[in-house]
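Here is the structure we will look at, set down as C-alpha cells.
Heavy-atom basis, side chains included; hydrogens, waters and symmetry copies ignored.
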Amino acid sequence: MDKLIAIVCFLMGVAIIIFAFPEGNVAVLVTTIFASIAVIIIRTQVPNEKVLLTRIFLLALFARIAFGLISHIFELRDFFGGDALTYDTFGNEVMKMWFDIPGREFTDDVLNYRLSGVGWGMLYLVAIMYSIIGRNILAAQFFCAVIGAAIAPLIYVCSYKIFNNRRVGLVSAILAAFYPAFIIWTGQLMKDGLIIFLLVLAMTMVLNLQKKFDYLSFTLLIVSLFGIISLRFYIFYVVAVAIVGTFIIGFSNTPQAIFRRVVILFLLGIGLMYLGVFRYAGTEFETYGNLEKIQISRQDLASTADSGYEEDLDVSTAGGALQAIPIGFAYLMLAPFPWQVTNFRQMITLPDMMIWWCSIPFLISGIMFSIRNRLRGSLGILIFSLMLSLAYSVFQ
C-alpha cells in the first residue's frame, strides 16, 4: 500500500511539472516541504496510528491536488471559488508594496484598506509566500491543500480525545479527508480550510489543557485563535465563547483543576490582548457586527451573488432575525433542495447534498450520545456548532 501511494505521489508530481510548467516546479517543491513536515508531525505525535493516519493524509492530499490541478489547467477558479483570484491579486500587490516593486495596480490606500478589513490574514499569508517564492498561485493553492489534508489526522486526535474510541476517530478522519465539499473548499487558495484546521487545533488544545497545562498546547491555542480572527473575525467570537464555556464546566471540579482553568483563562486573555486580538475584534465588530450590515450582506448574497435565499426577509431588527432563524436553519442544513436548483453550480452540489442528508440521522444520534455520555469533552464543539449555525441561519 505504501509503495502504491509513493508511486501515485511521484506520478502526480510529474504531472504537475508537465501540465503546469513553470509554476508546477515550485508548487511541487512547496507541497513536498510542507507535506513532509506534516508527515513527521503525524508520525511523532500519533505513534500508535502513524501508518494509517499518514496514508489517510497522503490520499487526502492527492485528492485535493488532483482537483486543484484540474481547476488550474482548465482555469476553473472563478467557477469554483473566485476568492482565490482575489487573494492572489491582492497578496501579490501587498508583496510589491513591501518591496517597493513597480507595476502595481492599486495604491497604498487601497491596499491598506484591504489589509485592515475582513480576512486580512489571507492577504498577509499570500504576500509572505510570494515574497519567498514569487507570484505562484498554484504553490499557494497547494499549501492550502496540505493544510486541508492535515485536518483529517487532526480530527482523529480531537475525536479520540473526546470519545476514547479508535473507530470514531478513524471514521471522522476519513470523512474529513474525502467528503466531496471538503475536497473542493480545501483544495483551493481559500481560507475555509485554514479556518477549519485552526478550529480543530483550538478545540484539541483546549482538551489538552483541560487535563494538564503545557506551554506547547497553550501557545498553539493562542496562535490558532489569532489565526481565526485574521481570517474570519466573527468566528473568533463564537469559538471564544465555546472555549470559555468549556473551561468553566471543565472535566473536574477539584480545587486544583478549577484553579488551573482560571489561570489558563487569565493567561489566554493576556496573550490575546498582547497580540491585539481584542482591538481587532472590537473594531471589526463595530464595523460589521450589527443587524443592518448583516441585512445588506444577505440581500447581496440573495440578489446579486445568487448564493442566498429568501431575499425579502428582513433581519435588520432583533424580531426579524428571530423570525428568520427557523427557515434560515432549514436552508442552512438542507439547501439547495432539488426543486430550487437554478444554475449549474447549484446542480453539481446535489450529490454532495445527498450524502449530507443521509448523514443527518447519524448527526442527531451522535449529538444525543455526546450530550448523555461525553458532555464535558464535547461541550466546546456543541456550543460552537450551535452558535455558528444560528448566526448563519440569520446571515444566509
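- Of all the heavy atoms in Tyr234 and Leu388, the pair that sits closest is CE1-CD1, 4.3 Å.
- In this view, Tyr87 satisfies the ring pair (Phe, Tyr, Trp, His ring centres under 6.0 Å) rule with no residue, not counting sequence neighbours.
- Remark: Ile147 engages Phe143, Leu194, Phe197 in a side-chain contact (heavy atoms from CB on, under 4.5 Å) (not counting sequence neighbours).
- Remark: Asp100 pairs with no residue by the side chain to side chain donor-acceptor pair (under 3.5 Å) rule, at least two apart or across chains.
- Pairs engaging residues 50-59 under the side-chain hydrogen bond (donor to acceptor under 3.5 Å, both in side chains) rule: Asp2-Arg55 [sequence neighbours left out].
- Counting heavy atoms of neighbouring residues, nucleotides and ligands inside a 6.0 Å radius, atom CZ of Phe362 does not exceed 12 of them.
- Looking at residues two or more places apart in sequence or on another chain, you find no ring pair (Phe, Tyr, Trp, His ring centres under 6.0 Å) involving Phe10.
- With sequence neighbours excluded, no residue satisfies ring pair (Phe, Tyr, Trp, His ring centres under 6.0 Å) with Phe259.
- Once rounded to the nearest 0.5 Å, the distance linking CG of Leu53 with CD1 of Ile155 reads 12.0 Å.
- Residue pairs satisfying the salt bridge (Lys or Arg N to Asp or Glu O under 4.0 Å) criterion with at least one member in residues 161-173, sequence neighbours excluded, are listed as follows: Glu49-Arg166.
- Qualifying ring pair (Phe, Tyr, Trp, His ring centres under 6.0 Å) partners for Phe67, counting only residues two or more places apart in sequence or in other chains: Phe80.
- Judged as a side-chain hydrogen bond (donor to acceptor under 3.5 Å, both in side chains), the pairs with a partner in residues 129-151 (not counting sequence neighbours) are, in order, Arg77-Gln141, Asp88-Tyr130, Asp88-Arg135.
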Per-pair distances, 0.1 Å, donor-acceptor, side chain in residues 260-267, under 3.5 Å, sequence neighbours excluded:
residue	atom	partner	partner atom	Å
Arg260	NH2	Gln210	O	2.5
Arg261	NE	Phe247	O	2.5
Arg261	NH1	Ser252	O	2.5
Arg261	NH2	Ser252	O	3.4

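- Shown here are the side chain to side chain donor-acceptor pair (under 3.5 Å) partners of Asn112, two or more places apart in sequence or in another chain: there are none.
- Screening residues 351-377 for side-chain hydrogen bond (donor to acceptor under 3.5 Å, both in side chains), with sequence neighbours left out, gives no hits.
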